[in-house]
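I have placed the structure first, in the form of structure tokens, so that the comments after it can refer back to it.
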Amino acid sequence: MRVSLLAAAALMLQDVRAETTILPQLQSVDIFYQPMRSLPDDKSSLLASVKYNVSNLESTVLSYSPPATSDTTTERGTSHPLFRISTNTPDGSTTVTSLSTFSPTYTQTLTLHLRDDDLVLAASISAEPLVPSRPTPQDPKTTLKVVVVRPQPGPTPKLNVRKPVVVGADGKEVPQEPEAEKTFFQKYWWAFALVAVLALAGGGDK
């Protein structure tokens with residue numbers, strides 16, 4: 001009876017592991033924009049909603065509503081006002097972009113920078129001109145490209161393997177003599193000793 005219970009538990013554990021492997025690990029994030037010179041009571045506007053898979057980094061744009069760029073002149077004389085880009089992730093970071101980035105003559109690329117827990121740390125948006133041969137898409141979602149980026153380890157310093165500096169009585173560094181390279185016998189003396197011991201042991205049996 002105990003064996004059958006253990007077997008059933010093992011099968012259930014295998015099923016759970018299989019479902020965890022098969023089911024996609026999906027996450028979603030909302031991206032917002034707000035003018036840099038906005039009033040304290042001004043609220044952020046929803047820029048995009050994106051669903052992404054943390055296993056293969058594929059993404060789907062659920063909605064995309066860029067700010068209007070028909071009139072880019074403000075009362076302060078700024079032809080291309082700046083916007084703050086933020087997310088709904090707790091303790092997330094913000095980035096800055098220009099209103100000209102959302103021009104309909106450009107294609108936008110939204111980059112999602114993930115944290116170690118697969119949540120979005122920050123979102124940045126860039127743009128490049130549309131290909132002239134292609135017609136301008138009617139749906140803004142088709143012009144938005146999403147790139148999901150995982151955190152990469154930073155560069156590691158190369159430690160100095162040099163020996164400690166020796167200073168003479170005059171306060172100057174004493175030049176270090178290079179170590180002499182070991183001979184073949186010095187490197188593998190233990191092998192010769194092992195062969196000698198085995199030879200002596202074998203001769204004693206006779």
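Predicted, not measured: the structure shown is a model, and the values here were computed from it. Starting from 1, each residue takes its place in the sequence as its number.
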task = Only counting residues at least two apart or in another chain, list the ones meeting ring-ring contact (aromatic ring centres under 6.0 Å, His included) with F102.
result = none

message = Tell me the closest heavy-atom pair linking Q34 and K43, and the distance in Å.
response = NE2-C, 4.4 Å

ask   = Can any side-chain N or O of N53 pair as donor or acceptor with the backbone N or O of L26 at less than 3.5 Å?
value = no

query = Apart from V149 itself, what residues make up its hydrophobic cluster when side-chain heavy atoms of I, L, V, M, F, W and Y under 4.5 Å apart count as a link, directly or indirectly?
reply = V147

request  = Please report the C-alpha distance between S124 and H113 in whole Å, then the side-chain angles of each, then the deciding distance to 0.1 Å, and finally whether the side-chain contact (heavy atoms from CB on, under 4.5 Å) criterion is met.
outcome  = CA-CA 8 Å; S124 60; H113 305 271; 3.3 Å; yes

ask   = Testing L119, L112, T89, V120 for side chain to side chain contact (heavy atoms under 4.5 Å, CB included) with Q27, which one passes?
value = L119

query = Do I85 and F32 sit in the same hydrophobic cluster, where Ile, Leu, Val, Met, Phe, Trp and Tyr count as joined when their side-chain heavy atoms come under 4.5 Å apart?
reply = no

query = Measuring from D30:CG to T87:OG1, what's the distance to the nearest 0.5 Å?
reply = 9.0 Å

inquiry  = Contact between P35 and P81 at the side-chain level, heavy atoms closer than 4.5 Å - yes or no?
reply    = no

ask   = Does Q108 reach the main-chain N or O of T101 with its side chain, forming a donor-acceptor pair under 3.5 Å?
value = yes

inquiry  = Just so I know, are the side chains of L62 and V50 near enough to count as touching, which here means a heavy-atom distance under 4.5 Å?
reply    = no

message = Main chain of E128, side chain of T107: is a donor-acceptor contact present, judged purely on distance under 3.5 Å?
response = yes

Side chain to side chain contact (heavy atoms under 4.5 Å, CB included) involving T183 - partner list, sequence neighbours excluded = F185, Q186

ask   = When rounded to the nearest 0.5 angstrom, what distance separates CG in L46 from OG in S65?
value = 6.0 Å

task = Quick one: list whatever passes side-chain hydrogen bond (donor to acceptor under 3.5 Å, both in side chains) with S103, sequence neighbours left out.
result = T105

ask   = With hydrophobic residues grouped by side-chain heavy-atom distances under 4.5 Å, do V54 and V29 end up in a single group?
value = yes

inquiry  = Checking Y52 now: which residues fulfil ring-ring contact (aromatic ring centres under 6.0 Å, His included) with it, not counting sequence neighbours?
reply    = none

request  = Sequence neighbours left out, what passes side chain to side chain contact (heavy atoms under 4.5 Å, CB included) with S28? Give chain and number order.
outcome  = none

ask   = Which value, rounded to the nearest 0.5 Å, describes the distance between I31 atom CD1 and N88 atom CG?
value = 7.0 Å

key: Under the side-chain hydrogen bond (donor to acceptor under 3.5 Å, both in side chains) test, residues paired with S98 that sit two or more places apart   = S100

query = Tell me the salt bridge (charged side-chain N to carboxylate O under 4.0 Å, His left out) pairs involving residues 89-116, sequence neighbours left out?
reply = R115-D117

note = Contacts of D118 meeting side-chain hydrogen bond (donor to acceptor under 3.5 Å, both in side chains) (sequence neighbours excluded), chain-then-number -> R150

remark   = On a heavy-atom basis, the closest approach of L47 and P66 is CD1-CA, 3.7 Å

key: Heavy-atom neighbours of Y106 OH exceed 12 at 6.0 Å   = no

ask   = Under the side-chain hydrogen bond (donor to acceptor under 3.5 Å, both in side chains) test, which residues partner T60, sequence neighbours left out?
value = none

Set of side chain to side chain contact (heavy atoms under 4.5 Å, CB included) partners for D170, sequence neighbours left out = K172

